[in-house]
Trainee: 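My structure is below; once you've seen it, I'll send some questions.
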Amino acid sequence: MRVVSVLNYKGGVGKTILTANLGAELARRGRRVLLIDLDPQSNLTFCFYTPDDWRDHLRSHHTVKTWYDSFRNGRPTTSLADIIRPPKAVNSIVGKQGGRLDLIASHLRLLSIDLDLATDLRGTNDDMKAELFQVRGALRTALATDPLPRYDYVLIDCPPSFNILTQSAIIASDHILIPSRADYLSTIGVEFLYGALEDLVQLHNKRVNKAQQVAPEIAGVVFTMIEFYRQRPVMTQQFYINRVHRLGLPVFSHVMRHNVTLFGNPMPTSMPAVLHPKLDSQIAIELMGLVSEFEDKFKTERAAAA
Ligand SMILES: Nc1ncnc2c1ncn2[C@@H]1O[C@H](COP(=O)(O)OP(=O)(O)O)[C@@H](O)[C@H]1O
Ligand SMILES: [Mg+2]
């Protein structure tokens, strides 16, 4: 099982659209995928469920908020297995090759979790630190020990901030995928993220023994919303792509093209673009290439470990 957080400080960089399409295509290829929507904006959830379905079937008992609400002294008292739901329409397509796409939905009121935790953690400074440490590690522990179906990939769509939810996703992850627009503020976000990641990992590892240390690796930066001129990214975007290359971070050679019709207006009744039966062939090639490059990262790693 590979746990991958999809992360950038900045909102509107294409995290959610990338997560939905990556997850759907992996599942179509026969992989078993769990998507976790940790963003209170719940955009990933609403890529797969209508607001009515969410209210009627998920809101009360099957969102990540249900799980966080069950926390006592920094530890969950319910299993992640109880809140997982497979969106039906997508699974009727991806199930044909034995794939599976499960979702842990988000909740619009997840926003208050940070505050709730802060109020619950009113003990002494040391108690607070201990409990924060528990909460940060809780998702990792749950993914490792809860009675879940066997997954090839867990993809976590993070909020555009570095709050406790994001931190728990990072601690749970083997890899971090960083979508970014090729513009000034988004690439600044990438630089900050890199530093913040290192600090968080150090803080966590100080409190655990060697066997429990975490070392999430950056799988790469994926450029999104790229505009092309003569089959190359336009010059202004290429400038920022080069800048990220110079940071020394891995950068995906495949990008997501800017296409408002396909990616700009996701509807719960439609599929992620990658599953559209009449997908434009150029876009299909690009998306397939991106997903293959993603999977290759793990193949290379397996080969290196052998
Ligand atoms: N490749 C793309 N081309 C055009 N619009 C896109 C593309 N990717 C995302 N969008 C749109 O941009 C907005 C932000 O994307 P989203 O994935 O929600 O970003 P984030 O999760 O980082 O906030 C959404 O309205 C989305 O539909
Ligand atoms: Mg999002």
Side-chain angles (χ1 to χ4, degrees), residues 4-25 35-51 54 63-65 103-108 110-111 113 155-163 165-166 169-170 176-190 192-193 219-229 233-234 236-237 240-241 244 251-276 279-280 282-291 293-294:
V4 182
S5 281
V6 184
L7 185 58
N8 190 318
Y9 270 133
K10 194 157 169 2
V13 296
K15 290 184 289 296
T16 298
I17 297 296
L18 175 64
T19 312
N21 281 280
L22 179 60
E25 174 57 18
L35 301 180
I36 304 181
D37 187 358
L38 272 194
D39 188 349
Q41 290 180 49
S42 308
N43 291 351
L44 184 66
T45 301
F46 293 122
C47 285
F48 297 102
Y49 287 96
T50 63
W54 177 82
T63 74
V64 74
K65 183 172 183 298
L103 174 73
I104 295 182
S106 192
H107 194 297
L108 297 158
L110 195 59
L111 207 57
I113 293 284
L155 305 180
I156 310 175
D157 188 19
C158 293
S161 65
F162 211 71
N163 64 14
L165 298 168
T166 307
I170 292 168
I176 311 288
L177 191 62
I178 310 178
S180 178
R181 296 174 70 135
D183 63 24
Y184 179 60
L185 289 178
S186 309
T187 51
I188 294 250
V190 174
F192 274 123
L193 184 65
V221 177
V222 178
F223 282 103
T224 59
M225 305 187 211
I226 294 299
E227 317 243 19
F228 284 84
Y229 177 70
V234 295
T236 45
Q237 291 189 329
Y240 289 107
I241 295 176
V244 170
V251 177
F252 276 69
S253 62
H254 292 85
V255 299
M256 281 190 89
R257 179 182 287 264
H258 186 257
N259 185 310
V260 175
T261 317
L262 274 175
F263 303 120
N265 192 18
M267 302 281 283
T269 43
S270 66
M271 296 288 155
V274 75
L275 297 183
H276 287 190
L279 188 61
D280 170 276
Q282 181 59 35
I283 301 228
I285 290 169
E286 288 165 9
L287 282 175
M288 298 303 136
L290 178 60
V291 177
E293 190 177 352
F294 174 83

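All ligand and atom numbering here is 1-based and tracks the order in the structure.
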Trainee: So F294 and F252, would you call those rings parallel, tilted or perpendicular, with 30° and 60° as cut-offs?
Mentor: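 The rings of F294 and F252 lie parallel, inter-plane angle below 30°.
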Trainee: Counting backbone and side-chain atoms alike, is an N, O or S atom of T16 positioned under 2.8 Å from the Mg ion (ligand 2)?
Mentor: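 It does; at least one qualifying atom falls short of 2.8 Å.
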Trainee: Name each N or O atom in ligand 1 that is under 3.5 Å from a protein N or O, and give the partner atom and the distance.
Mentor:
| from | atom 1 | to | atom 2 | distance (Å) |
| --- | --- | --- | --- | --- |
| ligand 1 | 1 (N) | R257 | O | 2.8 |
| ligand 1 | 3 (N) | N259 | N | 2.9 |
| ligand 1 | 17 (O) | T16 | N | 3.2 |
| ligand 1 | 17 (O) | I17 | N | 2.9 |
| ligand 1 | 19 (O) | G14 | N | 3.0 |
| ligand 1 | 21 (O) | T16 | N | 3.0 |
| ligand 1 | 21 (O) | T16 | OG1 | 2.8 |
| ligand 1 | 22 (O) | G12 | N | 3.4 |
| ligand 1 | 22 (O) | V13 | N | 3.0 |
| ligand 1 | 22 (O) | G14 | N | 3.1 |
| ligand 1 | 22 (O) | K15 | N | 3.0 |
| ligand 1 | 22 (O) | K15 | NZ | 2.9 |
| ligand 1 | 23 (O) | G12 | N | 2.7 |
| ligand 1 | 27 (O) | F263 | O | 2.6 |
| ligand 1 | 27 (O) | G264 | O | 3.1 |

Trainee: Using modelled atom types and a 3.5 Å cut-off, is there a donor and acceptor pairing between side-chain atoms of T45 and backbone atoms of N43?
Mentor: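 Not at all, since once roles are kept as given, no pair shorter than 3.5 Å links the two residues.
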Trainee: Give the C-alpha distance, both sets of side-chain angles, the deciding distance and a yes or no for side-chain contact (heavy atoms from CB on, under 4.5 Å) between E25 and M288.
Mentor: CA-CA 8 Å; E25 174 57 18; M288 298 303 136; 3.2 Å; yes
Trainee: Kindly check if the number of other-residue, nucleotide or ligand heavy atoms within 6.0 Å of CZ (F192) is above 12?
Mentor: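 Atom CZ in F192 is not packed in, count stays at 12 or less.
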Trainee: Evaluate side-chain contact (heavy atoms from CB on, under 4.5 Å) for T19 paired with D37, printing each intermediate quantity in order.
Mentor: CA-CA 10 Å; T19 312; D37 187 358; over 6 Å; no
Trainee: Quick check on side-chain contact (heavy atoms from CB on, under 4.5 Å): which of N21, V274, T224 does F263 satisfy it with?
Mentor: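 Only one option passes, and that is N21.
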